[in-house]
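Counting starts at 1 for both ligands and their atoms, in listed order. The first residue in the sequence is number 1, and the count goes up from there.
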Amino acid sequence: MDLDAITKYSALHAKPNGLVLQYGTAGFRTKAEHLDHVMFRMGLLAVLRSKQTKSTIGVMVTASHNPEEDNGVKLVDPLGEMLAPSWEEHATCLANAEEQDMPRVLMDISVKAAVNLQQDAFVVIGRDTRPSSEKLSQSVIDGVTVLEGQFHDYGLLTTPQLHYMVYCRNTSGQYGKATIEGYCQKLSKAFTELTKQAFCSGDEYRSLKVDCANGIGALKLREMEHYISQELSVQLLNDGTKGKLNHLCGADFVKSHQKPPQGMEMKPNERCCSFDGDADRIVYYYLDVDGHFHLIDGDKIATLISSFLKELLLEIGESLNIGVVQTAYANGSSTRYLEEVMKVPVYCTKTGVKHLHHKAQEFDIGVYFEANGHGTVLFSKAAEIRIKQLAKELEDKKRKAAKMLENVIDLFNQAAGDAISDMLVIEAILTLKGLTVQQWDALYMDLPNRQLKVKVADRQVISTTDAERQVVTPPGLQEAINDLVKKYKLSRAFVRPSGTEDIVRVYAEADSQENADSLAHAVSLAVFQLAGGVGEPPQPVSCPY
Ligand code: NG1
Ligand code: ZN
């Protein structure tokens with residue numbers, strides 16, 4: 001390591017004194033103007049990680065659904081997964097080292113992680129459409145270059161596309177070609193083959209309105225459009241030509257406000273969906289004939305997908321195990337429906353896709369979705385091999401089902417939750433099953449729910465257990481929540497410190513919207529009182545937005 005060069009170049013990306021950031025659930029995330037030094041240092045760290053794993057490492061510059069002024073960075077590990085936990089710690093140490101200590105901290109990491117500095121390194125970089133992203137990704141490249149790592153800058157990419165590129169490169173192209181063209185070809189081929197199996201294809205040309213959150217999803221869906229135009233017409237709204245990224249639009253806005261995004265004109269019963277700012281989340285929705293808005297979130301997406309997969313497995317007579325992985329934010333009705341009606345085992349993990357992804361890897365077929373619409377389906381290698389074999393061996397209807405499963409494997413992004421890939425799977429399933437958006441929605445009724453945020457002096461005073469469903473500290477808070485929950489029917493509530501914002505999140509559900517709102521408010525007050533609330537105490541929810 002050329003420490004002199006590192007010191008010299010680092011000074012061009014100097015850290016503001018005293019700034020402390022944490023590598024959280026989604027990497028580093030804060031106001032874009034505070035991130036230059038972090039980007040440079042993540043370029044350095046990506047080189048070390050690449051040398052250590054002898055693999056290509058990804059660096060994505062994005063702040064997903066957060067406001068346009070924010071930005072962020074996360075590293076992508078060799079098989080497209082999130083960075084290993086021990087390296088998250090290294091990332092935090094490196095990002096927070098004061099300027100003069102940084103080269104030493106970098107050396108310490110390479111010693112601790114037994115990095116062979118002679119090894120070659122290769123890093124791939126992607127970024128979203130934020131105005132700050134181009135310059136910040138250049139800072140990542142500066143970091144990579146000063147450690148003499150090689151790199152490929154993909155420029156504008158969705159987050160899941162970067163995961164895909166990393167995965168392709170580390171599996172010698174077996175998973176697919178590590179180009180945008182390769183991505184589009186792989187997904188569109190699987191989509192076309194799958195939808196061809198529909199009996200009623202052709203009698204109704206499918207069209208879908210997509211709110212792209214004024215982000216990268218619009219550009220990348222446009223690139224995909226002509227590959228799938230025979231089967232599906234997509235109408236892109238909030239495509240970034242006018243509005244601000246994630247402002248009054250996008251999956252996060254629609255999910256948390258439970259209303260349509262700005263710029264979306266909806267006719268009754270028309271199928272619409274929203275991506276988030278880096279296109280790794282998707283939610284669907286529609287207006288009924290009375291003008292009521294219906295949200296179809298990640299839980300209902302997981303339900304649609306797992307019931308389809310179960311039917312195909314039944315058809316081919318293969319007993320591969322399916323598991324559905326959710327978080328505490330999953331609507332209680334979805335969990336009940338999956339377990340009691342569909343008889344699918346459901347597991348709950350901590351918030352953050354890395355936890356869900358990890359759990360989903362335990363099954364032959366692991367379906368994981370966060371309620372906010374981030375998720376995918378993972379197939380174990382053994383399941384994939386078995387299904388491919390059956391697609392050759394079986395006859396007639398069984399063979400058709402096995403072939404469809406084969407297409408589904410190719411259509412899901414196995415490296416990360418991906419709005420484009422999920423959208424294509426959902427559209428294919430709806431076509432194959434001849435389901436309207438209302439019929440899909442009617443699988444079960446969501447329990448009314450409310451999410452709130454509470455500001456506290458230090459959100460880390462709240463610690464949790466049982467996949468974040470129970471509070472351990474501060475003392476008395478869980479008891480207070482238990483007492484409040486008892487006052488309502490079909491009720492449930494929990495609180496946890498956010499991993500991406502400086503707030504505590506409160507979630508409540510109950511038999512009516514008023515009750516869910518009232519319970520959420522009461523729990524917010526308990527948090528405010530027992531966990532060091534700051535500012536005004538939480539106000540009752542009339543319309544929280
Ligand atoms: P936090 O801020 O830790 O709640 C949010 C989402 C997560 C995940 C991350 C990463 C909710 C309640 N939380 O995390 O599901 O998507 O952002 O983007 O939706
Ligand atoms: Zn996102």
Tell me, which protein residue and heavy-atom name are nearest [atom], and how many Å apart are they?
atom: atom 11 (C) of ligand 1; result: Asn372 ND2, 3.8 Å
atom: atom 13 (N) of ligand 1; result: Thr351 CG2, 3.9 Å
atom: atom 9 (C) of ligand 1; result: Thr500 CG2, 4.1 Å

Salt-bridge present (Glu362, Lys359; N to O < 4.0 Å)
yes
In terms of side-chain geometry, is the basic nitrogen of Asp70 or Arg130 positioned less than 4.0 Å from the acidic oxygen of its partner?
no
Would Glu370 count as a contact of ligand 1 if the rule is a heavy atom under 4.0 Å away?
yes
Could you establish whether Lys350 and ligand 1 come within less than 4.0 Å of each other, counting only heavy atoms on the residue side?
no
Do Tyr183 and Asp418 pair up side chain to side chain, a donor and an acceptor below 3.5 Å, judged on atom types alone?
yes
Can you tell me if, anywhere in Thr159, an N/O/S atom lies at a distance from the Zn ion (ligand 2) that is smaller than 2.8 Å?
no
Can you confirm whether or not the ring centre of Trp440 sits under 6.0 Å from the ring centre of Tyr284?
yes
Compute the centroid of each ring, for Phe369 and then for His374, and state whether the two points are separated by less than 6.0 Å.
no
For the 3.5 Å polar cut-off, considering only N or O atoms, please tell me whether [X] and ligand 1 meet it.
X: Gly499; result: yes
X: His374; result: no
X: Gln451; result: no
X: Arg505; result: yes

Name the residue from Asp276, Asp297, Asp299, Asp211 that meets the salt bridge (charged side-chain N to carboxylate O under 4.0 Å, His left out) definition with Lys255.
Asp297
So, of the N/O/S atoms that Asp276 has, which is the nearest one to the Zn ion (ligand 2)?
OD2
The OD1(Asp278)-the Zn ion (ligand 2)-OD1(Asp280) angle, to 10°, is 90°
Measuring from Phe253:CZ to His247:NE2, what's the distance to the nearest 0.5 Å?
8.5 Å
If hydrogens are left out, which of Arg281, Arg496, His65 has an atom nearest to atom 6 (C) of ligand 1, that is, the closest non-hydrogen atom?
Arg281
Is the charged tip of Lys220 near the ring of Phe275: under 6.0 Å from the six-membered ring centre and within 45° of its axis?
no
